[in-house]
Number of protein chains: 2
Amino acid sequence: MTTDRLRELLKEKGLKVTPQRIVIFEAVVNLKNHPAVENIIEYIKIKHPNISIGTVYKVLDSFVENGLLKKVKSENDIMRYDAVLHHHHHLYCATTDRIEDFEDPNLDKLINDYFRKKKIKSFNIKNITLQITGEFNNK
Amino acid sequence: MTTDRLRELLKEKGLKVTPQRIVIFEAVVNLKNHPAVENIIEYIKIKHPNISIGTVYKVLDSFVENGLLKKVKSENDIMRYDAVLHHHHHLYCATTDRIEDFEDPNLDKLINDYFRKKKIKSFNIKNITLQITGEFNNK
DNA sequence: CTTGGTAAAGATAATAATTCTCCTTTAGGA
DNA sequence: TCCTAAAGGAGAATTATTATCTTTACCAAG
């Protein structure tokens with residue numbers, strides 16, 4: 001996502017466009033690989049050592065609330081953030097704690113069709129995400 | 001799981017059978033619905049007010065390490081524990097934070113077959129778990 | 001361009017959750 | 001029964017996050 005697009009989005013949501021918000025958003029985008037707050041703060045501190053930690057938490061929260069970022073449940077208990085908003089799954093490496101995005105429209109169709117036929121009793125499905133754990137091979 | 005079975009498992013893993021471990025394990029089993037540490041401590045305190053909190057954390061950790069319990073991450077980020085060890089999925093209610101187990105061998109077969117045909121490049125799948133988010137209807 | 005109201009940022013204290021340290025107790029094999 | 005390593009207890013320390021209060025600066029209106 002471009003900075004201009006972010007500016008638009010913030011305005012749409014009635015959020016002020018501040019340099020901190022732009023920097024924090026770019027951090028999440030640039031870091032890729034689903035950074036934790038810790039990583040984000042680290043990254044930001046290099047070029048912007050005066051952004052306060054509280055601000056980072058507040059900004060990330062408001063981004064999630066407003067749908068500009070998503071939270072990712074990792075295997076161990078720290079929260080991580082994702083700038084990829086469209087529906088996708090995650091590959092988790094248990095040993096390295098790496099998380100990669102995984103998209104597969106065919107698989108989604110398969111699963112959706114399955115649940116269209118066989119509903120879950122007394123539960124309305126909003127979203128289905130696969131947690132695929134395993135090991136990355138090479139590299 | 002019975003207490004006797006727990007005793008066996010602890011011995012197999014080379015862990016000492018202590019009253020604290022038994023109490024903590026039973027708490028997770030009895031509480032069902034994937035208790036958080038908080039709930040477990042609460043529950044234990046009633047009958048065993050002198051078990052220390054540090055012990056609860058240590059015991060839960062060692063149970064997870066030794067495969068006697070599994071961790072589940074809830075919608076609002078807190079870690080919760082599950083005594084159901086066989087493969088199953090979870091229904092997450094975003095509003096009430098309730099987590100229910102969901103088993104469906106047919107679905108598992110469908111997904112496994114899918115990935116048997118279409119491998120993921122440079123990733124060996126160990127386990128696939130569905131995070132099904134939505135709303136419970138009635139009750 | 002200036003200004004003023006208000007949302008957001010900064011600093012820091014407070015809280016909550018978890019881990020650590022150190023010392024004591026205990027399980028369980030010899 | 002004794003010995004020893006493992007485990008438990010108490011509370012300090014650490015870490016992550018949230019809350020509070022003050023200051024700053026975005027941005028809309030004039």
Side-chain angles (χ1 to χ4, degrees), chain A residues 3-4 6-27 34-45 47-66 68-69 71-81 97, chain B residues 3-4 6-28 35-45 47-66 68-69 71-81 97:
Chain A
T3 302
D4 284 347
L6 175 62
R7 285 170 184 281
E8 281 174 39
L9 277 172
L10 288 173
K11 283 195 181 161
E12 273 174 36
K13 302 284 181 178
L15 299 172
K16 285 187 182 172
V17 177
T18 68
Q20 290 87 345
R21 285 184 172 161
I22 292 173
V23 166
I24 292 168
F25 193 86
E26 284 179 348
H34 316 83
V37 182
E38 199 191 338
N39 310 124
I40 296 166
I41 290 170
E42 232 171 63
Y43 182 92
I44 288 171
K45 284 289 174 192
K47 293 199 169 175
H48 307 271
N50 26 0
I51 291 180
S52 125
I53 291 173
T55 299
V56 177
Y57 280 99
K58 275 185 279 187
V59 167
L60 289 172
D61 272 0
S62 83
F63 281 175
V64 171
E65 255 175 53
N66 289 283
L68 304 185
L69 291 178
K71 287 187 175 186
V72 186
K73 293 196 190 70
S74 73
E75 286 295 283
N76 48 350
D77 16 17
I78 31 168
M79 204 27 90
R80 293 168 63 168
Y81 293 85
D97 216 36
Chain B
T3 301
D4 284 346
L6 175 62
R7 285 170 184 280
E8 279 174 40
L9 277 173
L10 289 172
K11 283 194 179 160
E12 273 174 36
K13 302 286 181 177
L15 298 172
K16 288 186 178 172
V17 178
T18 68
Q20 290 86 343
R21 284 183 172 159
I22 292 175
V23 165
I24 293 167
F25 193 86
E26 284 178 347
V28 179
V37 182
E38 199 191 339
N39 311 122
I40 297 166
I41 290 171
E42 232 170 63
Y43 181 92
I44 288 172
K45 285 289 176 195
K47 293 199 171 177
H48 307 271
N50 25 1
I51 292 181
S52 122
I53 290 173
T55 299
V56 178
Y57 280 99
K58 274 185 280 188
V59 167
L60 288 172
D61 271 2
S62 82
F63 281 175
V64 172
E65 254 175 55
N66 290 282
L68 304 185
L69 291 178
K71 284 187 177 186
V72 186
K73 186 144 216 186
S74 75
E75 283 297 283
N76 24 330
D77 336 349
I78 30 170
M79 216 19 108
R80 293 166 63 167
Y81 293 85
D97 214 36

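Protein chains get the first letters and strands the later ones, always in sequence-line order, with residue 1 at the start of each.
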(message) So if I take the C1' atoms of five pairs at each end of the helix from C:dC1-D:dG30 to C:dA30-D:dT1 and get each local axis, what angle do the two axes make, rounded to 10 degrees?
(response)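 Computed from the C1' atoms at both ends, the axes differ by 30°.
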What's the [atom1]-[atom2] distance between [X] and [N], to the nearest Å?
{"X": "B:R7", "N": "C:dA27", "atom1": "CZ", "atom2": "P", "answer": "11 Å"}
{"X": "B:E42", "N": "C:dA16", "atom1": "CD", "atom2": "P", "answer": "14 Å"}
{"X": "B:E8", "N": "C:dG28", "atom1": "CD", "atom2": "P", "answer": "14 Å"}
{"X": "B:Y81", "N": "C:dA17", "atom1": "OH", "atom2": "C1'", "answer": "11 Å"}
{"X": "B:N39", "N": "C:dA17", "atom1": "CG", "atom2": "P", "answer": "11 Å"}
{"X": "A:K45", "N": "C:dG10", "atom1": "NZ", "atom2": "C1'", "answer": "10 Å"}

Quick one: side chain to side chain contact (heavy atoms under 4.5 Å, CB included) partners of [X], sequence neighbours excluded?
{"X": "A:K13", "answer": "A:L15, A:N66"}
{"X": "A:I22", "answer": "A:T3, A:L6, A:R7, A:V17, A:E26"}
{"X": "B:K45", "answer": "B:I41"}

(request) Report the residues that fulfil ring pair (Phe, Tyr, Trp, His ring centres under 6.0 Å) with B:Y81, sequence neighbours left out, ordered by chain and then residue number. (result)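 B:Y81: no ring pair (Phe, Tyr, Trp, His ring centres under 6.0 Å) contacts found.
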(request) Please confirm whether the backbone N or O of B:A36 pairs with a side-chain atom of B:N39, one donor and one acceptor, at under 3.5 Å? (result)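 It does hold such a pair.
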What residues form a salt bridge (charged side-chain N to carboxylate O under 4.0 Å, His left out) with [X], not counting sequence neighbours?
{"X": "A:R21", "answer": "none"}
{"X": "A:K71", "answer": "B:D77"}
{"X": "A:E8", "answer": "A:R5"}

(request) Report, as a single string ordered 5' to 3', how protein heavy atoms within less than 4.0 Å touch nucleotides 7-21 of chain D: B base, S sugar-phosphate only, - not at all. (result) SBBB-----SBB---
